[in-house]
Every structure is written in C-alpha cells, then in structure tokens.
A.B. asks: 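Could you have a look at this structure, given as structure tokens, before my questions?
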2 protein chains.
Amino acid sequence: MSENPPDHLMREDTGPVDIIDVESVVASVRPEVRPTTFLASETLNAVLGTKVRIASETFQHTGSFKYRAGLAVALHSRAEHLLTASSGNYGAALALAARHAGKKCTVVMPASSARVKIEAVRRNGATVDLVETHTMSRKQRVEQLRAELHDVQVVSAYDDPFVIAGNSTLGDEIFEQEKPDVVVVPVGGGGLSSGIVTARGRARAATKVVGAEPLLANDAARSLRAGVLCHDERESTTMCDGARTPALGQRNFAILRRGLEGIVEVSEENVANAVRLLFSAINLKVEPTGALAVAAVLQDPQRFQGKRVTCIVSGGNVDAELYAKLLRG
Amino acid sequence: MSENPPDHLMREDTGPVDIIDVESVVASVRPEVRPTTFLASETLNAVLGTKVRIASETFQHTGSFKYRAGLAVALHSRAEHLLTASSGNYGAALALAARHAGKKCTVVMPASSARVKIEAVRRNGATVDLVETHTMSRKQRVEQLRAELHDVQVVSAYDDPFVIAGNSTLGDEIFEQEKPDVVVVPVGGGGLSSGIVTARGRARAATKVVGAEPLLANDAARSLRAGVLCHDERESTTMCDGARTPALGQRNFAILRRGLEGIVEVSEENVANAVRLLFSAINLKVEPTGALAVAAVLQDPQRFQGKRVTCIVSGGNVDAELYAKLLRG
C-alpha cells in the first residue's frame, strides 16, 4: 500500500529521516485515551442523503482528538520539558498529556487568547507564556524559550511522526468497527488526516479518505492540485480556528498527496449549517472545525451518495457566545 | 429488598394488579436500544466538588430515555394501535417504537406545539392528532379517540409497568458498569426514577437513588414528605418541560415512596447553570429537564461530597432558540 506508515515516515522527502516504532507508539496511546463516540441517526441520514456514521472526539480528554497526539509525544519524548505554540486545542491537550507523563510543559499563546482557553491550559498543569503578537511572533518567542529552557523539546501540532502515530489511533478505532466506503476528515496542518491515512494502511482497508477544508483556508486543496506545498498568504478569517494553519506540514503533505482521495472545500455557510444540523439531528455540540466533515457532505452531496460514510468530528470546544450566534443563524 | 419489582408491580395499592414478566420485557428491550453514553471529566468533578459520572441518554434513539419505555410498550402490547398524549419526548419515542414493532400509533398534541416536535412524531411514522386545548383537553381528546379507533390501547408515559420495566434497562447499564454510591435521576411522572429503583433491586446494589425535581413543580417532593400523592394545582412554568407532570403516577409513587432516598428541589437558576456547565465542561448538549440531576448536585453539594455519583442526563431535545438564550445567561 502506498500509504504504509513506516515506509512513509522514513521517506527522505519528509525531512529528516524519522525512524519511529509506530506500533509501540500506538500501543502506548490507545489504552490512555477515551474511545471515540460513534453516533448515527436516521434524521441525519435523511438530510445528508447517505448513510453517515459520526466518530466524535468531542468527549475525548480536553475535548478534541489532539490528546491522542499530545500523549504520543509526551510518552515518547526524551526531553523533560515540552514546548509548543498553540492558541487552541493542542495547548490544552499537550499540557494534560505532559502532566500524565510527568513532564513539564510550556505553551506560548497570544496575549489576546480567550481567557477560558488560557485557563484550560493552566488547569492542565502547564506554564502559559503570553506573547504580544504585534511585537513578536509566536515562533520567535518559541525560539527564545528554546534557548532559555533546560532540556526542552519544541513540538509541532502536526508535522511530527509521533503526532501522526498518536492520531492514527482514531483511525484504528474507525477501521476496527467497520470499514466504511469513505472517511471524511477535517484538514488543518494535516496531523489528523495523515494519521487516518496511516491507520488505513495498517487496516489494509479499501476505504477512501477525503479531506474537508474551509474554502477560506484552502492551502491543502491547492497543494494537492499543484503537487507542491502551498501556503495561505495571511492567517485565514475562517471560523474554523483549528484549520487556520497556513500550510500542511512537510511530513503530512508527503502522506496526504498520495493517501487522500481529494479535499472538499467548504463554505463558511455550510460549516454553520453543519453545526446546526449536528445540534438538531443528533444532539451533538461541536466546534466549527469539528463540523467540517459533515459540512463537506452538505457541500458536495453527489460525491457521497449511496456510500457508507464516516465523518470525523474532531472537537467540541467552542465559546458559548459564538455557538449561540451560530444556532440563531 | 423493599423495591423488588415484581412485588411492587403487583401491590394492590398500585391500581389494577399488574402481572408482567419484567425479565422478559427487559431482555426484549435491551438489544434494541443504544447503550447509554458514560462521560466523566476532571473539570466537572472540580466544579461539582465530587466524583461524577454522567449517564447520557441524549444519543438514544429519538434523543431521550423515553425510547426504552416506548419500546417496552410497543413490543408487548396486544393492541395493534397505540395512543398517547404527549407534546414532548414520549410522543416521538412511542412513534418510533410502534413503527419498529409494526403497530399503528396516534399521538395527541396541542395545536400550539412546536413545529419541530410535530414533525419529529410524523417523521417517526405516527399520526399526529392536534387538539385546540382551549376547547378540549388532551385527555378528553384521547377518550374520544379511544372510542373511535379499532383495537387501540391508551399508553401512559410513566404509570405503566411496561414503561417502568423498559426504563429500568438504563439502570441495568449503570449498575453493571459500576455500583456508585448515589444515582441522581430527574423526576417528572416518575417513570424513569421508578425504573432505576427497580434496576437497583435486581442488581442488589447498596446505591442510593436520589430524585431531582424542579422547585417550581415539586409535587413529587411534597408527595414523599406527606406520604400521599400530591398534585400541582396548575401546569408548572418550569423550563424543565419533561417535569411539568402534575403528579407522580400511582405505580411510580408506590415504588418511589419506599425506594427513593429523597428528592432535591432544584431552582431554575441551577438548571440553567447545569446546562451551561455541561456545555463548557464536557461538550454535552442537554435539554433543561436533562440537566436536573447535575443541577441537584449544584443545589445541594454537601449531600454528594465525597461520594461516587452517577447523574442521569435524561435527554437532549431542546429548541435552538431556548438553548442559545440559556448559554448567554
């Protein structure tokens, strides 16, 4: 299979050669995460015009799939201190995972971040380092801290073989239960989608993996079309804050260019429609990024008609104010 | 055990002597319902000051525990046509259950019911009979239809031994996984709470069962205190529409007066707080009635401190408009 994971993770075009024992990473992560929540509904099927199963990570530790990635990193890093930049789910997930693994963790966040997100990272035991982003970029601050801190490792939220292996455990759960015709997965930096492709390889499933990306942040779709890594010129204004990443990671692109069937570019309107649909049809609270896969089915229904489709809902963390606004339409 | 179900269900003070084979009802219902969704969260524990497990029925067929009851009735009724009055979850549940069992179903609803609720009952295959409640009560209309329809059975949403047995399957799931110190359960007509007491008897668990009732519709709490069945004088204005029932059923009262540890009377403010807490701490969308058990822990924290508490979230069906309003506080 072209997406066989160890092969991929060792390809030279993915940057430094990564030699990691994927099976042992997966085996260490799996017992520590909450199983994903599979949901189905006749109402949802009727609206979407096809047979859909939801794999929801909204009840995962820290409310998103990112805990799978954070745990893979925290359990296997040799450093005693983990450092990342995140204003969203990865910060909270890495913080909790580091605590679980007995490591220190520092998360660089914009000073403008929502209080609840800063508090979530602190509550999970990490140090929050606030940066005034108009005076210094988060990346610059991470470099400063890397030089200052002892025995520290800087961790990407997606472009990291442990992250990809950790996220692949969600794919294992999906393929163990049932091998659907299609899995639809949100695409930001490509950490989750490349994990699903990796798991598909292990499961030797004929399932197609389709990405779901906001049209307003369609760097991944453009990258697949062009065959080279494309970047968004500026940070996207999409409400899907988990998919504002300006470009896929190198490792992720290497896996996705061969492993993805395609990417559906989703309008903001369909993201909002999907948030409302999941609320009304299956009582599921999701964040906008988490609604991308269902939004992709609304965006391009023909593509999925007559198929058994699994839509991954990647997370549920959304401010009450924004959620109330989306519900009111 | 005082709450041994066959004994209870055959007591003369519970109305006509009911001889039903509880075990076979339970065995027929269990494989057809979705397992309840158990959730836990450190954040939730921190706020509630005790160790809480949520048993959520929001992902059950038709979005509430009522499908368990509807199915028990539909699978075991000898009539070919089931008739009930409901403006809420029981109508949708009985409709779907009747379709599953190959029976006809008619649901009497106020003409003023929300369109989405009427549509939900119709979508599940039942006939909706709309009644102008200022000219005729729902009960009168049910009596009219009982006389008109062929081979019809009028079904209560709570005061029915099959309903109680069906709902007891949720209790079985709770006690099989872990026997908590306390189970907290919303109380309306007493259909769910008496099912949980029944299941506790089967499990021979030392677990205490505590009811959670809106202070604005506290007929059950008054009934337990008085030792006789008390009625609310008029339909309550509580936002917990599933607990507006004016009185416990006869059978339910007979079970609850001996089987319940007590009832916490919950303020509307704490219901709203619980809805918001479940949204923010565990990404769970619940209807106000579904939030009652968690609201009871907020209302009387001392009662639950240091205990292993299971809170039942009975359902998730709430209008987007009301939910958005609750989120904004």
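Lettering follows sequence order; numbering is per chain, from 1.
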A.B. asks: Taking heavy atoms only and a threshold strictly under 4.5 Å, list by residue number the residues of residues 173-180 of chain A that touch chain B; give 'none' if the list is empty.
C.D. replies: none

A.B. asks: Can you tell me which portion of B:Asn317 sits under 4.5 Å from chain A's heavy atoms? Options are side chain, backbone, both or neither.
C.D. replies: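 Interface part for B:Asn317: both.
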
A.B. asks: Tell me, out of A:His61, A:Arg34, A:Glu42, who's got the most heavy-atom pairs with chain B below 4.5 Å.
C.D. replies: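 The option with the most such pairs is A:Arg34.
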
A.B. asks: So what's closer than 4.5 Å to chain A heavy atoms on B:Leu39: side chain, backbone, both or neither?
C.D. replies: side chain

A.B. asks: So for B:Arg276, is it side chain, backbone, both, or neither that comes closer than 4.5 Å to the heavy atoms of chain A?
C.D. replies: neither

A.B. asks: Hey, which of A:Thr43, A:Val286, A:Thr37 has the most heavy atom pairs under 4.5 Å with chain B?
C.D. replies: A:Thr43

A.B. asks: So which bits of residues 320-329 of chain B come within less than 4.5 Å of chain A, counting non-hydrogen atoms only?
C.D. replies: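 From residues 320-329 of chain B, the residues near chain A are B:Ala320, B:Glu321, B:Tyr323, B:Ala324, B:Lys325, B:Leu327, B:Arg328.
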
A.B. asks: Could you point out which residue of B:Glu287, B:Gln60, B:Glu57, B:Lys285 forms a side chain to side chain contact (heavy atoms under 4.5 Å, CB included) with A:Asn283?
C.D. replies: B:Lys285

A.B. asks: Of all of A:Asp319, A:Leu96, A:Thr58, A:Thr62, which one pairs up most often with chain B through heavy atoms under 4.5 Å apart?
C.D. replies: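 Of the candidates given, the most pairs with chain B belong to A:Thr58.
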
